[in-house]
A.B. asks: 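One structure is given below, represented as structure tokens, and several questions about it will come after.
Throughout, a chain's letter reflects where its sequence line sits, starting with A, and its residues are numbered from 1.
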Number of protein chains: 2
Amino acid sequence: MQKKPPVRMEDVARIAGVSSITVSRVLNQPGKVAEETRERVLNAIEAVGYVPNSVAGSLASRRTSVIAALVPTITNSIFADTIHGLTDVLTPAGYQLLLGATGYSLEREAQLITALLAQRPAGLLVTGLAHAERARTLMKSAGIPVVETWNVQGEAVDMAVGFSNYRACYDMVVRLAGNGHRCIGFVCAPTEANDRARERLRGYRSAIRDLGLPERAELVREAKFSFHAGAESVNRMRAEVPDLDAVFCANDILAIGALFECQRRGVDVPGDLSIAGFDDVELASQVNPGLTTVRIPRYEIGREAARMLMQRVDGRPVSPGILDLGFEIVERQSTVRPG
Amino acid sequence: MQKKPPVRMEDVARIAGVSSITVSRVLNQPGKVAEETRERVLNAIEAVGYVPNSVAGSLASRRTSVIAALVPTITNSIFADTIHGLTDVLTPAGYQLLLGATGYSLEREAQLITALLAQRPAGLLVTGLAHAERARTLMKSAGIPVVETWNVQGEAVDMAVGFSNYRACYDMVVRLAGNGHRCIGFVCAPTEANDRARERLRGYRSAIRDLGLPERAELVREAKFSFHAGAESVNRMRAEVPDLDAVFCANDILAIGALFECQRRGVDVPGDLSIAGFDDVELASQVNPGLTTVRIPRYEIGREAARMLMQRVDGRPVSPGILDLGFEIVERQSTVRPG
DNA sequence: CCCCGGCCTGAAAGCGCTAACATTCAAAAA
DNA sequence: TTTTTGAATGTTAGCGCTTTCAGGCCGGGG
């Protein structure tokens, strides 16, 4: 297998009997080339199997067809949904996705932003509003549209799409209290380098305070993202807080882990304990009892973010720069008023 | 907000009092620059906030630090795990990930391959061994290492990493039969444009035939990837096949959908019906009863694929070109010998 | 009949880097 | 001392495209 010299635009041009600029036009602005010429060029492209070199194209035109996106992890299905929304808009628009995973570390996020900006993407999507100072500086001076996602509470570098994690949690606690729950625990996701998790905790705390409900320290636990951590958290909390009547988990995986654990231990949900989650993943509606949770616009975040980026790339202004897509509390059987 | 002219390497060079090639060397081969000079250059870079333009760098050096990957969908956690394995190797090696989703369409796959190859990635990862003829041609003539994943049965364009979907299903059926099951149904994933699904079906069929078990058409159903489809399939199959004693689903989501449906309907699993899945997603070990399934090296596929690509990018040959990472049948409580 | 303007095509000049070769200079070898 | 050597830096020439500006050709208006 020997390395063949790559086919360049000039080769195509020679075969078609035109200059390379005409080949370029056939590819980028076909309307500006006479039909006969265009066909001749397309045939030549086909004949030699020419694949345009967009690295050279990008250098010459000073723009790329790449959008860079950073998520904490692709393994969490909620971000996968957002990426799905992104690509659904980007691909038809002729844009490619350059993806990075920060692993919930602001330091790695900053490093990745540097690396990604070197590729001169046409736009950048990041998760959350909390970033290293260096990262903010880079994003501000990059000269490309930037959209921050999954949070709208705070100061955006450029644009933002998401919902209020604070209000969602606040509202859920109010709902639980309205259903008669008095002693409501909260299982929080790790808050370091995660403004969404912090907002959710803050929403829980505010609601508890506003409602005059007990604020004991044992009612809040931090847990990693896994079924197992949910199970363990609910066990500990039940042991430490005998009169616990509801557990609100910061995500559905924790909540479902807790739910399964209760079932294993013979704890009746919602009879003995109510459980609520956050995200409304597909599984939430499938478990028994169905999980009460907060439905959030995961897919739409990606789609709208992409739309905003495309709009700005095309030179059109975007308003509002901060887009709140809202949320919805979905009440299922896992939370009903106790006794 | 006015557009500032971007900082170029030459600007940095002027400030540091060197030529731009020295700046280039500080960035790419720091060992070749005297420490004093290097520091002066790094200070200048810092001072002006220079971000290298790797588009220009790639054009000049004729190589990029981008690896392109195509998966059917990022929404399915099994592919997310593979991508995770990929990035875990790529990022430390200084490579970026350009990601595309084909939506299980060979036509879209071919289109995306064209678009991605225009970006001149250093390597390409695709899912499965089945591709449009045009796609195969493109991959073969691209002059970059290509790795096909998730299947090792068939002819690879270049390299492949995965496991035998055929043998995994064959073995599971043998195991079920060994446990006393006689009437084993199979819920297949859509086979169009999906060689893995086809292999799984083929494995089931071969095993049934080899074991002399009933081969009725009602024992095989095709179902989309969702809990709901699993539920519906098990309902239909139970209605059409009264003596059904086991259902083997081509993925865990279908299996768990089926399991939940049985629970809703009061069908005892495994007392009345055994259920087995495929993939061993985290949920499989959490449901009650635990789901018998096939554990497959999802993460490792990504990691090994990346390793092979990196090795070839570095000019070192890779052997074996086809890497079978195997599988493992995990027996839990959802399948025990009936009666 | 000539000029103007619209349509199509082309020539020249980079885009911002790096490869390849050239040069410099001081220390080691002869 | 002279030559050799090698480390450090610089010069030149593109990488494969697109931008910008020109030019040729045609038909309609003056």
A.B. asks: I want to check one thing: is the phosphate of C:dG16, taken as OP1 and OP2, less than 4.0 Å away from some side-chain N or O of B:Tyr50?
C.D. replies: no

A.B. asks: In Å, rounded to the nearest 0.5 Å, how long is the span from OG of A:Ser54 to CG of A:Leu59?
C.D. replies: 12.0 Å

A.B. asks: Measure from the side-chain N and O atoms of B:Thr64 to the backbone N and O of B:Ser58, and report whether any donor-acceptor pair falls under 3.5 Å.
C.D. replies: no

A.B. asks: Calculate the interatomic distance between A:Lys32 atom NZ and C:dG10 atom C1'; express it in whole Å.
C.D. replies: 15 Å

A.B. asks: Using residues 312-320 of chain A as the side-chain source, report each donor-acceptor pair under 3.5 Å to any protein atom, sequence neighbours left out, with the distance given to one decimal.
C.D. replies:
unit_1	atom_1	unit_2	atom_2	d
A:Arg312	NH1	A:Asp158	OD1	3.1
A:Arg312	NH2	A:Asp158	OD2	3.1

A.B. asks: Which whole-number value in Å describes the distance from A:Glu10 CD to C:dA11 P?
C.D. replies: 11 Å

A.B. asks: Donor-acceptor pairs are to be reported for all side-chain atoms of residues 18-35 of chain A against protein atoms at under 3.5 Å, with residues two or more places apart or in another chain.
C.D. replies:
unit_1	atom_1	unit_2	atom_2	d
A:Ser24	OG	A:Asn28	ND2	3.4
A:Asn28	ND2	A:Ser24	O	3.3

A.B. asks: The helix from C:dC1-D:dG30 to C:dA30-D:dT1: angle between its terminal axes, five pairs each, to 10°?
C.D. replies: 50°

A.B. asks: On DNA chain D, reading 5' to 3', which nucleotide is the first and which the last to sit with an atom under 4.0 Å from a heavy atom of chain A, could you check?
C.D. replies: D:dG16 to D:dT19

A.B. asks: Under 4.0 Å from any atom of DNA chain D, heavy atoms only: list the residues of residues 115-124 of chain A that qualify, in numerical order.
C.D. replies: none

A.B. asks: List the residues meeting salt bridge (charged side-chain N to carboxylate O under 4.0 Å, His left out) with B:Arg307, not counting sequence neighbours, and say none if there are none.
C.D. replies: B:Glu304

A.B. asks: Between B:Arg14 and B:Asp11, is there a salt bridge with N-O shorter than 4.0 Å?
C.D. replies: yes

A.B. asks: Verify side-chain contact (heavy atoms from CB on, under 4.5 Å) between A:Thr127 and A:Glu109, making sure each step is shown before the conclusion.
C.D. replies: CA-CA 10 Å; A:Thr127 306; A:Glu109 184 187 59; 5.7 Å; no

A.B. asks: Look up atom CD1 in A:Ile45 and atom CZ in A:Arg38, then write down how far apart they are to the nearest 0.5 Å.
C.D. replies: 12.0 Å

A.B. asks: Does A:Ile301 offer a backbone N or O that forms a donor-acceptor pair with the side chain of A:Thr82 under 3.5 Å?
C.D. replies: no

A.B. asks: What's the CD-P distance between A:Glu35 and C:dC7, to the nearest Å?
C.D. replies: 16 Å

A.B. asks: Keeping the roles fixed (side chain from B:Asp195, backbone from B:Leu129), state whether a donor-acceptor pair exists under 3.5 Å.
C.D. replies: yes

A.B. asks: Taking DNA chain D as the partner, which of residues 14-31 of chain A come within under 4.0 angstrom of it by heavy atom?
C.D. replies: A:Ile21, A:Ser24, A:Asn28

A.B. asks: Tell me, do A:Met9 and A:Asn53 make a side-chain contact under 4.5 Å, heavy atoms counted?
C.D. replies: no

A.B. asks: What residues in residues 52-68 of chain A put a non-hydrogen atom under 4.0 Å from any atom of DNA chain D?
C.D. replies: A:Asn53, A:Ala56, A:Gly57, A:Ala60, A:Ser61, A:Arg63

A.B. asks: Output side-chain donor-acceptor pairs under 3.5 Å for residues 88-104 of chain A, partner residues at least two apart or in another chain, one line each.
C.D. replies:
unit_1	atom_1	unit_2	atom_2	d
A:Asp88	OD2	A:Tyr299	OH	2.5
A:Thr91	OG1	A:Thr87	O	2.9
A:Thr102	OG1	A:Tyr104	N	3.3

A.B. asks: Which residue pairs pass the ring pair (Phe, Tyr, Trp, His ring centres under 6.0 Å) test with at least one member in residues 44-83 of chain A, sequence neighbours excluded?
C.D. replies: A:Phe79-A:Trp150

A.B. asks: Under the salt bridge (charged side-chain N to carboxylate O under 4.0 Å, His left out) test, which residues partner B:Arg120, sequence neighbours left out?
C.D. replies: none

A.B. asks: A:Ser61: what forms a side-chain contact (heavy atoms from CB on, under 4.5 Å) with it, not counting sequence neighbours?
C.D. replies: A:Arg63

